[in-house]
Protein chains: 2
Amino acid sequence: MATLKDVAALAGVSTATVSLALNGGPVNAKTRQLVLKAAKQLHYVPNRIGQMLTTGRSNMIGLIILTGSEFPDIVRKTSLFYYLMEGVLAVADKEGFGVSFAVKSHDDPLLPQYFAEIIGSGTIDGIAVIPQFAREYRFTNLLQEANYPYVLLRPSRFGIDANHVDMGNFEGGKMVAELLVDSGARRIGIINGPSSHVDAIERERGFGEALLDRGGMIVARQYGEFTIESGHAAMRKIAERGLPEAVFCGNDYMAAGALRFLRSIGANCPKDIAIVGYDNNDVAIATDPQLTTVDNRFFDLGYIMADEVIGLIRGNTSHVARVVLPEMKLRESHLFGRSSANAQPTSASA
Amino acid sequence: MATLKDVAALAGVSTATVSLALNGGPVNAKTRQLVLKAAKQLHYVPNRIGQMLTTGRSNMIGLIILTGSEFPDIVRKTSLFYYLMEGVLAVADKEGFGVSFAVKSHDDPLLPQYFAEIIGSGTIDGIAVIPQFAREYRFTNLLQEANYPYVLLRPSRFGIDANHVDMGNFEGGKMVAELLVDSGARRIGIINGPSSHVDAIERERGFGEALLDRGGMIVARQYGEFTIESGHAAMRKIAERGLPEAVFCGNDYMAAGALRFLRSIGANCPKDIAIVGYDNNDVAIATDPQLTTVDNRFFDLGYIMADEVIGLIRGNTSHVARVVLPEMKLRESHLFGRSSANAQPTSASA
DNA sequence: TTGAAAGCGCTAACAG
DNA sequence: CTGTTAGCGCTTTCAA
């Protein structure tokens with residue numbers, strides 16, 4: 001590989017001049033041409049390690065997803081994170097950053113160590129972290145104390161001190177309650193995910209509060225594990241005491257399971273009972289009827305997180321606290337009382 | 001941040017000794033203790049940039065996904081790539097590598113430039129590349145000539161010269177044909193994806209050959225765009241001339257669309273017609289009946305690609321040519337002639 | 001077993 | 001506008 005020195009030698013100038021010429025510094029136009037020609041001739045590509053060492057910057061941001069071993073099936077859900085990654089990538093590309101990606105277990109005792117290495121190693125200028133469980137993490141202190149650029153994906157109410165982007169699970173739950181009440185349902189059930197999952201907690205809280213406000217009531221409550229089978233089983237349990245007018249499911253998998261159970265007993269959704277899911281996962285367009293659900297806007301979330309991390313790196317910002325509100329994805333399954341099975345499918349695009 | 005020098009000063013030894021002590025070199029046990037203590041006291045973390053510069057290695061591998069603008073909906077499918085990433089990550093973690101991730105458009109004219117920079121910049125020791133379209137790419141020559149460690153995900157028959165891992169789409173198509181014939185179907189249709197998509201081509205080729213061998217025949221052929229709607233439309237077209245006994249769909253989205261159309265005309269799958277999808281996407285477990293489909297083993301694919309890239313980096317290998325055979329995922333939709341709708345859902349796990 | 005010193009490739013301060 | 005020089009943090013000869 002050709003180095004700066006080689007280019008300098010060929011062009012007959014100093015390395016400093018080459019650096020200047022290549023980076024738009026104040027150089028005579030003729031000299032620049034000379035340098036450019038030499039660089040091209042040698043297929044010169046700047047060694048970024050050298051640049052990093054002198055500038056102290058790597059132009060890399062990290063995306064770190066924290067996963068757990070308690071609920072392996074949740075992992076499947078995380079293919080949604082791909083969209084988050086694409087959002088991160090979109091900003092990174094635009095701003096000239098690379099993206100380093102890692103998945104760590106949130107119960108790994110070496111986690112603080114891992115973050116300490118990120119802070120000290122110099123290979124990553126800042127990070128976006130996606131914790132999935134509602135615990136206090138020691139590493140946030142590390143990051144904070146080191147004044148290291150980071151942004152967490154987590155609810156605002158979990159302490160406003162840490163840099164965070166809130167994905168609006170509370171608001172999402174609220175939107176579902178409002179939609180269902182507006183659709184004419186009053187006696188409503190909920191099938192939620194594990195209560196240790198931070199998203200599940202927030203969704204239920206928002207749902208419950210808004211339902212109360214609007215004059216609806218929760219007449220059944222079950223907890224599943226974010227899987228189709230657990231949604232199926234939960235719906236069966238609920239049905240034992242008679243069908244409510246609507247059921248809010250904590251994610252689309254469980255909603256698909258509920259739908260399947262309903263069909264098996266000959267109940268029609270949404271005519272007899274409305275169902276709403278959460279996440280706008282692929283399953284939501286594959287069921288019949290297609291699921292009305294809440295889109296987390298993962299792409300936007302990734303985009304905004306990365307954008308804020310870069311802002312922090314560049315010193316344009318010093319603190320991050322934002323909310324990205326989810327969006328209702330209206331399809332058919334929420335239309336309580338109306339028969340609309342076998343309608344034309346809506347588009348698969350996000 | 002504390003540097004080697006700081007540790008050396010505190011321990012009262014030279015930087016060389018510190019380096020040796022920290023990296024398991026030949027150092028007096030007492031001295032090592034001294035150094036370790038000093039390092040801990042200063043919360044010393046080695047600056048990896050410095051290490052990279054001297055060793056010439058970054059201990060980073062890259063995962064590069066090539067995407068296109070022709071079929072935006074295909075992008076949605078790519079959330080499957082998340083599993084591939086997890087496979088890559090699993091190896092990287094195990095071998096002490098970091099992972100850098102990028103998505104590039106395969107029609108970007110700057111693509112060769114991008115690869116040239118990867119080769120020259122020194123930040124990535126090797127790459128796994130996922131092209132999605134059947135073209136000849138100029139960058140492979142670049143990589144080859146530079147003797148840069150790389151592995152492509154692509155069919156073996158596209159030239160055995162390049163390092164590649166074959167995801168076995170040909171074999172997958174074959175497996176589907178065999179399964180359908182074994183299930184009792186003979187007059188079979190196919191709904192495939194765009195013919196420019198490399199996976200689609202291979203699947204159809206394997207399917208067609210095996211079907212011929214087994215005495216089945218293709219009685220209908222439609223092309224969709226890997227979406228639910230296009231699968232729905234394609235099935236409608238096929239139904240106009242009478243239902244075949246089975247239809248192989250090039251991916252699960254189109255299979256879900258086909259299923260939906262069948263239900264709308266009162267046809268029962270799999271009693272009246274068998275359907276098989278491809279990919280083992282989330283949609284495959286959300287439909288009713290659940291889809292029999294082919295699992296690409298993306299995790300394993302990622303795992304093997306990363307493993308091979310690292311082998312190349314370390315000089316343990318000099319050429320890569322492997323096939324990872326897909327796996328049939330038997331559910332209900334292929335059981336031609338048998339009525340099994342509304343069975344218990346099978347597990348959501350992969 | 002330890003230390004001194006060179007050098008990886010680059011940028012930036014400074015002098016000219 | 002251009003060249004000289006120092007130095008980023010580390011590993012690695014080479015000597016002692």
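Chain letters run A, B, ... following the sequence lines, proteins first and then strands; every chain starts at 1.
In the model, Y303(A) has no side-chain atom that pairs as donor or acceptor with a side-chain atom of E86(A) under 3.5 Å.
Taken from CG in D108(A) to OG1 in T67(A), the straight-line distance is 12.0 Å, to the nearest 0.5 Å. Interatomic distance, I310(A) CD1 to R314(A) CZ, rounded to the nearest 0.5 Å: 6.0 Å.
Nucleotide dT2(C) holds its C1' atom 16 Å from the NZ atom of K30(B), rounded to whole Å. The CG-C1' distance, from L53(B) to dA6(C), rounds to 13 Å in whole Å. When rounded to the nearest whole Å, the span between CE of M1(B) and P of dC10(D) equals 11 Å. Across the protein-nucleic acid pair, L42(A) atom CG and dG9(C) atom C1' stand 15 Å apart, rounded to whole Å. In this structure, CZ of R57(B) is placed 19 Å from C1' of dG9(D), rounded to the nearest angstrom. For the pair M52(A) CE and dG7(D) C1', the interatomic distance rounds to 18 Å; values are reported in whole Å.
When the side-chain nitrogen and oxygen atoms of T31(A) are compared with OP1 and OP2 of dT2(D), one or more of them lie within a distance under 4.0 Å. Between dT2(D) and T17(A), no contact under 4.0 Å exists linking OP1 or OP2 to a side-chain N or O.
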(request) List the steps, then state whether salt bridge (charged side-chain N to carboxylate O under 4.0 Å, His left out) holds for R48(A) with E117(B). (result) CA-CA 9 Å; R48(A) 302 242 294 110; E117(B) 269 163 23; over 6 Å; no
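For Q144(A) against D161(A), the heavy-atom pair with the smallest separation is OE1-O, 4.2 Å. When all heavy atoms of I119(A) and L142(A) are compared, the pair lying nearest together is CD1-O, 3.9 Å.
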(request) Going 5' to 3' through nucleotides 10-16 of chain C, assign each nucleotide B (protein heavy atom under 4.0 Å from a base atom), S (under 4.0 Å only from sugar-phosphate atoms) or - (no protein heavy atom that close). (result) BBB----
